Amino acid sequence: MTTDISQADGAASPADSGQQTPPFRYDADMAGRIERKWQDVWEQAETFHAPNPGEPGSERPKVYLMDMFPYPSGSGLHVGHPLGFIGTDVLGRYLRMTGHNVLHPMGFDAFGLPAEQYAVQTGTHPRATTEANIARYRAQLRQLGLAHDPRRSVATTDIEFYRWTQWIFREIFEAFYDTDAGRARPITELRAEFEAGTRAVPDGRAWSSLDEPARREVIDGHRLAYISEAPVNWCPGLGTVLANEEVTADGRSERGNYPVFRRSLKQWKMRITAYADRLADDLDRVDWPESVKAMQRNWIGRSEGAQVRFRTAGGAEIEVFTTRPDTLFGATYMVLAPEHPLVEKIAPTAWPDGVDERWTGGAATPSDAVAAYRTAAGRKSELDRQENKDKTGVFTGAYATNPVNGEQIPVFVADYVLMGYGTGAIMAVPAEDPRDWDFATAFGLPIIRTVDPGENWDGGAFTGVGPMINSANDEISLNGLGVTEAKRAIIDWLAARGAGDAVVQYKLRDWLFSRQRYWGEPFPIVWDEHGPIALPEDQLPVVLPDVDDYAPRAYDPADANTEPEPPLGRAVDWVSVELDLGEGPKTYRRETNTMPQWAGSCWYYLRYLDPENSDRFVSREAEKYWIGKDTARSAQDPGGVDLYVGGVEHAVLHLLYSRFWHKILFDLGHVSSEEPFHKLFNQGYIQAFAYTDTRGLYVPAEEVTEGEDGGFTWNGEPVTREYGKMGKSLKNVVTPDEMCDRYGADTFRLYEMYTGPMEASRPWSTRDVVGPQRFLQRVWRNLVDENSGEIRVSDDEPDETTLRALHKAIAGVHQDLPALHYNTAAAKLIELNNHLTKSGGQVSRPVAESLVLMLAPLAPHIAEELWQKLGHDETLAYAPFPVADERYLVADTVEYPIQVNGKVRSRITVAADAGQDEVKAAALADEKIVAELGGAEPRKVIVVPGRLVNVVK
RNA sequence: GCCCUCGUAGCCCAACGGCAGAGGCAGGCCCCUUAAAAGGGUCACAGUGUGGGUUCGAGUCCCACCGAGGGCACCA
């Protein structure tokens with residue numbers, strides 16, 4: 001079937017290597033020839049095509065392995081990118097050899113800013129750039145020998161792919177969240193309920209009294225994808241709005257680092273908040289790193305508490321959210337956020353008599369004070385608010401009544417209360433909240449302790465637990481209760497009086513889903529005079545039109561008072577469209593926003609399962625087979641990809657969004673699984689040193705030398721070393737292409753897997769790559785004559801020590817590979833090979849074959865070549881992985897170290913099957929131990945079978 | 001400020017609570033070589049960030065501190 005190119009071409013190769021190098025040495029050239037050969041063989045033989053259910057091979061237990069797909073950037077891959085890909089590949093190859101049907105696909109997250117920005121600069125269509133980059137990535141990945149199923153490679157920019165992205169959007173648009181049922185349902189069912197009168201219109205109007213536009217407005221207000229006029233993150237520098245997740249803590253864009261402003265704009269949103277509970281709760285059902293779960297929980301930010309209503313003297317009601325309703329007796333003032341709508345309504349015309357001067361901000365009237373404060377707060381950037389935690393604020397002039405004790409408490413406006421969280425208003429309890437304590441101290445407000453901090457407490461606000469005090473009125477007393485009971489009691493009391501209810505609050509906001517960009521999925525939406533309408537399924541895909549100018553209108557990055565203007569708006573012929581959507585031909589206006597980059601990655605793992613399907617985004621059978629719930633795993637198993645490997649940087653964004661979409665698809669009955677990713681693994685990063693000269697400019701890292709004093713120089717000049725990312729601008733990029741040229745892909749793979757455990761970040765060190773290369777060279781030399789290229793194994797039985805070394809290695813590797821401990825697996829193979837090298841002579845065939853098979857997941861090309869040389873016609877990709885024979889794992893005799901008080905003092909050798917008493921007796925009879933004890937009886941003797949003996953004096 | 005990781009030889013990293021070293025890099029010496037090395041062999045190098053505690057026994061478990069990396073940050 002295949003030719004043996006290492007021999008055919010081998011004879012020609014020595015001319016270009018050193019004169020004395022044997023002609024069949026495993027060097028970079030040889031490796032390159034072997035690797036290209038096997039990559040072609042695998043492709044032609046369709047070795048890694050994974051069968052779908054019903055196809056031959058699908059009866060084997062399935063495993064779905066996936067990497068987070070890359071964005072195909074113009075600069076290509078550097079050595080850091082494939083770390084996870086190789087790790088997944090090694091596991092996949094191991095699992096194939098242990099009888100599994102392994103699906104390991106790869107695709108491209110190809111919509112995004114860089115291609116668009118390049119298009120803006122050069123006029124090149126983003127599709128041209130994107131496809132060229134994808135081709136480059138494919139070639140780079142292919143040369144690494146990754147066992148992907150090539151039929152299943154998808155790109156989010158493929159029209160056949162984004163057709164289904166639009167279809168899913170459509171499903172989301174055509175659904176609402178039924179809070180009673182706790183799941184999404186089709187919007188048609190909502191309409192039917194309104195029509196039948198089984199569901200009340202939220203504002204109490206009768207459905208029959210509404211005209212069609214009004215009805216549509218009610219319906220649109222329930223959709224999971226909806227338009228809202230709400231404060232959003234507007235980034236004039238990018239000319240687009242951004243999701244909360246895309247804005248950094250200091251109020252700038254994650255991409256480009258431009259200022260971001262809060263502006264009220266009409267935008268598309270997705271109702272992810274409806275799923276807040278399920279997104280938080282179901283984290284308990286997936287096998288993810290605790291750190292990632294913690295980040296998601298933190299982002300969702302569920303907190304349980306109460307809403308409490310305070311009546312003001314003017315009759316207005318201020319509703320607050322608090323997690324500590326138990327401390328209500330200690331509420332001595334209230335605070336509204338500067339943007340709170342009640343601020344101006346409650347402010348009276350004049351200050352009350354004797355108002356504290358600190359409260360007025362020096363203004364003549366409450367309205368002046370409030371207006372001035374609001375203006376000042378609005379001018380402050382997020383960064384200012386964050387960095388300056390000194391409490392500022394001003395009295396509104398109004399008082400509200402504390403419902404538990406009738407106290408009149410002053411209402412302030414202060415920017416330490418945020419409009420975006422809870423109700424934008426708080427009851428302030430300085431005794432139990434440090435922020436309120438600071439404010440109360442600054443403004444001279446009373447502080448009443450309601451939780452007993454204990455005698456030794458001399459600090460400020462007490463947030464710990466303790467018995468309640470000072471908390472009683474005529475009807476209820478919380479005094480003496482613990483926090484939990486006090487909360488329950490006061491909520492019941494408030495609820496009975498109509499002054500409050502138990503509520504749950506979330507930090508999570510609805511997901512801003514529209515962007516003013518060209519290079520993204522168009523919405524499958526058209527507008528008529530009343531609002532948005534989803535295009536019927538049969539009119540998908542909505543293909544991106546060609547435009548002359550790819551740029552959104554960008555502005556002075558600092559000018560907040562600008563409006564987003566999407567590039568698709570300029571495709572006037574496309575925007576205006578005549579359609580018959582059931583009311584006869586009519587002109588509609590297309591939606592000109594595009595979807596954010598996250599859209600495609602929300603569901604790509606489903607498309608891999610059935611990439612050619614033109615009837616459905618994925619067939620039910622394929623979805624069930626590959627990611628369906630596995631009750632054998634656990635009763636509550638939510639299903640999902642068996643292993644998803646990628647960087648921790650997606651902990652919140654991508655992983656939360658795709659969970660959200662998956663749950664909608666589940667609710668609507670389109671998938672059987674409830675979670676997209678069953679097990680998540682975060683690989684570490686390959687990092688690199690970078691060097692700057694005295695002017696602070698980066699110099700080529702490759703050319704820097706280390707002096708004996710530990711200092712670094714470049715061209716004789718001293719340079720300073722930094723450690724961090726690999727990047728073009730840092731002049732420290734190393735590419736896999738270079739490594740394949742200089743050492744071969746197998747060496748490169750082994751190096752990446754060997755330098756540390758998968759989850760660990762570590763520095764790149766080109767210098768160290770020779771280690772794995774030497775190892776492969778030695779394996780080759782042990783099995784192949786470097787002068788003739790002939791295999792040289794013996795048919796003699798292996799000796800006892802070799803068998804022991806072999807089976808010890810098998811047992812170890814068998815354990816390490818599925819646990820992703822590739823570094824220790826490789827070490828065990830090196831150890832075994834070192835043993836073979838030292839033994840000298842020819843390696844016996846069964847030992848050679850086992851070694852080659854065990855090497856195959858890590859270094860597949862050289863393993864295939866050796867396997868073929870050993871006389872096998874078939875690929876080893878599905879050959880059975882060696883199994884250790886217990887006989888060679890147990891020794892006849894065991895050496896026990898003998899400790900006296902935990903320190904090793906002697907050693908004895910006893911038969912492996914010796915009982916504990918025998919071992920103990922032998923230990924105590926040892927002359928060194930007898931001397932140590934000096935005739936005294938040991939207090940205690942601990943025998944750990946097979947391990948050691950510890951004598952306690 | 002809070003939360004999560006992680007500190008073992010010059011470097012990268014191993015070590016079910018049981019003899020601190022599996023492996024690699026770099027280094028020394030020897031062999032091969034006219035010479036060289038990405039060839040072969042061999043040798044040395046740490047007591048596990050610091051201080052306590054639990055234990056017969058701690059790199060491993062607990063507490064505090066120091067250092068590095070990451071996440072969150074006026075979220076009521």
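On a predicted model such as this, the values are computed, not experimentally measured, just so you know. Quick note on labels: first sequence line is chain A, next is B, and so on, each numbered from 1.
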Starting at atom [atom1] of [X], determine the distance to atom [atom2] of [N], rounded to an integer number of angstrom.
X: A:Phe775; N: B:G40; atom1: CZ; atom2: C1'; value: 17 Å
X: A:Arg297; N: B:A73; atom1: CZ; atom2: P; value: 18 Å
X: A:Glu786; N: B:C32; atom1: CD; atom2: P; value: 18 Å
X: A:Leu328; N: B:A76; atom1: CG; atom2: C1'; value: 13 Å
X: A:Gln505; N: B:A76; atom1: CD; atom2: C1'; value: 10 Å
X: A:Gln773; N: B:C25; atom1: CD; atom2: C1'; value: 14 Å
X: A:Met753; N: B:C12; atom1: CE; atom2: C1'; value: 14 Å
X: A:Asp436; N: B:A76; atom1: CG; atom2: C1'; value: 7 Å

Which residues satisfy the salt bridge (Lys or Arg N to Asp or Glu O under 4.0 Å) test with [X], sequence neighbours excluded?
X: A:Glu759; value: none
X: A:Glu738; value: none
X: A:Arg309; value: A:Glu319, A:Asp501

So, A:Glu339 and A:Arg374, do they make that salt bridge, N to O below 4.0 Å?
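So A:Glu339 does not pair with A:Arg374 through a salt bridge.
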
Do NZ/NE/NH1/NH2 and the carboxylate oxygens of A:Asp326 and A:Arg324 come within less than 4.0 Å?
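A salt bridge is present here (some side-chain N lies under 4.0 Å from a carboxylate O).
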
Heavy-atom side-chain contact between [X] and [Y] under 4.5 Å:
X: A:Phe748; Y: A:Val79; result: yes
X: A:Ile272; Y: A:Leu279; result: yes
X: A:Met753; Y: A:Asn823; result: no

Side chain of [X] (C-beta onward), nearest among [options]:
X: A:Lys838; options: B:G39, B:G18, B:U42; result: B:U42
X: A:Pro757; options: B:A14, B:C74, B:G41; result: B:A14
X: A:Met295; options: B:G71, B:G24, B:C72; result: B:G71
X: A:Thr837; options: B:G23, B:C72, B:G40; result: B:G40

Once you apply a heavy-atom cut-off of 4.0 Å, does [X] come out as touching a base, just sugar-phosphate, or nothing?
X: A:Arg778; value: sugar-phosphate
X: A:Arg781; value: sugar-phosphate
X: A:Glu759; value: nothing
X: A:Ser765; value: nothing

Specify the residues of residues 816-836 of chain A, ordered by number, for which at least one heavy atom lies under 4.0 angstrom from an atom of RNA chain B.
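Output list: A:Asn823, A:Thr824, A:Ala827, A:Ile830, A:Glu831, A:Asn834.
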
For residues 421-434 of chain A, which residues have at least one heavy atom under 4.0 Å from RNA chain B?
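Within residues 421-434 of chain A, the residues near RNA chain B are A:Tyr421, A:Ile426.
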
Polar atom pairs (N or O), protein with nucleotides 9-11 of chain B, under 3.5 Å:
none

Is there any protein nitrogen or oxygen under 3.5 Å from a nitrogen or oxygen in nucleotides 56-61 of chain B, and what are the pairs?
residue : atom : partner  : partner atom : Å
B:C56   : O2'  : A:Asn950 : ND2          : 3.4
B:C56   : O2   : A:Asn950 : ND2          : 2.4

When you measure from the side chain of A:Asn732 to the backbone of A:Phe689, do you find a donor-acceptor pair of N or O atoms at a distance under 3.5 Å?
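Yes.
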
Ignoring backbone atoms, establish whether A:Arg774 has a side-chain N or O less than 4.0 Å from OP1 or OP2 of B:G39.
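For A:Arg774, the contact criterion (side-chain N or O under 4.0 Å from OP1 or OP2 of B:G39) is met.
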
Applying ring-ring contact (aromatic ring centres under 6.0 Å, His included), can you list everything that pairs with A:His650, at least two apart in sequence or on another chain?
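Only A:His654 meet the ring-ring contact (aromatic ring centres under 6.0 Å, His included) criterion with A:His650.
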
If you look only at pairs with a residue in [range], which of them pass as a salt bridge (charged side-chain N to carboxylate O under 4.0 Å, His left out), with sequence neighbours excluded?
range: residues 816-828 of chain A; answer: A:Asp816-A:Lys828
range: residues 762-771 of chain A; answer: none
range: residues 290-301 of chain A; answer: A:Asp284-A:Arg297, A:Glu290-A:Lys293

What string of B, S and - do you get for nucleotides 3-8 of chain B, 5' to 3', if B is base contact, S is sugar-phosphate-only contact and - is no contact with any protein heavy atom under 4.0 Å?
-S----

Plane angle bin for A:Trp780 and A:Tyr26 - parallel if under 30°, tilted between 30 and 60°, otherwise perpendicular
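Judged by the thresholds at 30° and 60°, the geometry between A:Tyr26 and A:Trp780 is tilted.
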
Given the ring of A:Tyr416, does A:Lys391 sit roughly above its face, with NZ or CZ under 6.0 Å from the centre of the six-membered ring and within 45° of the axis?
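The answer is yes; both the distance and angle limits are met.
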
